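Here's the structure we're looking at; comments come further down.
Numbers here are sequence positions counted from 1. These numbers come from a predicted model, not from an experiment.
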Amino acid sequence: MAKKNYTAKVLENYKKILVSELKKELNKPGSNLEKSIVGRKIPNRDGFKISMNEYALNVNQGRSAGKLPNMGNLEDWIDRNQSKLGIKDATPKGLRKVLFAIGNSIKKRGIRPYRFIDIVIDKFESRMTMDLVDAYRREIQEEIDAATPTAKKS
């Protein structure tokens, strides 16, 4: 089969759209999670992949109550967000108090799901599928037309 121009354009377009929509649906401009959302073409294949920080799945799916979160990750988050959190006592002892307060709150209440990934997939999956089907159809039709130049075009 010849070069897949139509398919490549559709895939490139949706890679950009999905990255943009994930960031928009997350609605946390400038956050580490928002900055981590990137799309890349898969080398030597048709397709792309979208990657983001691992905890995006916890943000999307939420977390049920019942056990402490990873305290190391939570400690890193607190360090990065001290000013946003308005922590008055930034000593190691003060930060540990905040760490355990937040950790215990997550253990007790969980985290509600944000569903930003699910919303974007639901919004674009069927349209992207149809656009890819149309692109493949056009490429196949061009191959048939090139292989049978004397055939009557329909």
Please say which of Leu33, Asn27, Ile121 ends up in a side-chain contact (heavy atoms from CB on, under 4.5 Å) with Phe116. Leu33
Same hydrophobic cluster for Leu99 and Tyr55, using side-chain heavy-atom links shorter than 4.5 Å among ILVMFWY? no
Report whether Ile117 and Val38 are members of the same hydrophobic cluster (ILVMFWY, side-chain heavy atoms less than 4.5 Å apart, transitive linking). no
Crowded around Arg96 CZ? As in, over 12 foreign heavy atoms under 6.0 Å? no
Any side-chain to backbone donor/acceptor pair from Asn81 onto Trp77? Under 3.5 Å, distance only. yes
First locate atom CE of Met71, then atom CD1 of Ile102, and finally report the distance between them rounded to the nearest 0.5 Å. 9.0 Å
Value for CG (Leu22) from CG (Leu18), rounded to nearest 0.5 Å, stands at 6.5 Å
Pairwise distance CG(Leu132) to CZ(Arg127) - rounded to 0.5 angstrom: 12.5 Å
Is Lys15 close to Arg40 at the side-chain level, that is, under 4.5 Å between some pair of heavy atoms? no
Salt bridge (charged side-chain N to carboxylate O under 4.0 Å, His left out) contacts in which one or both residues fall within residues 16-37, not counting sequence neighbours: Glu12-Lys16, Glu21-Lys24, Glu21-Lys123
Might you point out which heavy atoms bring Asp89 and Thr91 nearest each other, and give the distance in Å? OD1-OG1, 2.7 Å
Less than 4.5 Å apart, side chain to side chain, heavy atoms only: is that true for Lys41 and Lys49? no
Side chains of Asn32 and Asn53: donor-acceptor distance under 3.5 Å anywhere? no
With a 4.5 Å limit on heavy-atom distance, are the side chains of Leu68 and Leu74 in contact? no
Can you tell me if Asn60 uses its side chain to pair, donor with acceptor, with the backbone of Ala56 under 3.5 Å? no
Any chance the side chains of Asp131 and Tyr14 put a donor and an acceptor closer than 3.5 Å? yes
Taking atom types as modelled, find out whether Glu142 and Tyr6 have a side-chain donor-acceptor pair closer than 3.5 angstrom. yes
Which residue in the set Lys108, Arg109, Lys107 passes side-chain hydrogen bond (donor to acceptor under 3.5 Å, both in side chains) when paired with Ser105? Arg109
Looking only at heavy atoms, which two atoms of Arg63 and Pro69 are closest? And how far apart? NH2-CA, 3.3 Å
Shared hydrophobic cluster, Val59 / Leu57 (ILVMFWY, side-chain heavy atoms < 4.5 Å): yes
Within this structure, what is the CZ-CG distance for the pair Arg45 and Leu11, rounded to the nearest 0.5 Å? 11.5 Å
Within the side chain of Thr129, is there an N or O that forms a donor-acceptor pair under 3.5 Å with the backbone of Glu125? yes
From Leu95 CG over to Lys93 NZ, what is the distance, rounded to the nearest 0.5 angstrom? 12.5 Å
Heavy-atom closest contact (Ile37 atom, Ile50 atom, distance): CG2-CG2, 4.3 Å
Find out whether Ser36 and Met52 are in side-chain contact, i.e. whether some heavy atom of one side chain is under 4.5 Å from a heavy atom of the other. yes
Under 4.5 Å between side-chain heavy atoms, counting indirect links through other Ile/Leu/Val/Met/Phe/Trp/Tyr residues: same cluster for Leu26 and Phe124 or not? yes
Do Tyr136 and Phe48 share a hydrophobic cluster, counting only Ile, Leu, Val, Met, Phe, Trp and Tyr and linking them when any side-chain heavy atoms are less than 4.5 Å apart? no
Can you tell me how far apart CG (Asp76) and CG (Asn73) are? Round to the nearest 0.5 Å. 6.5 Å
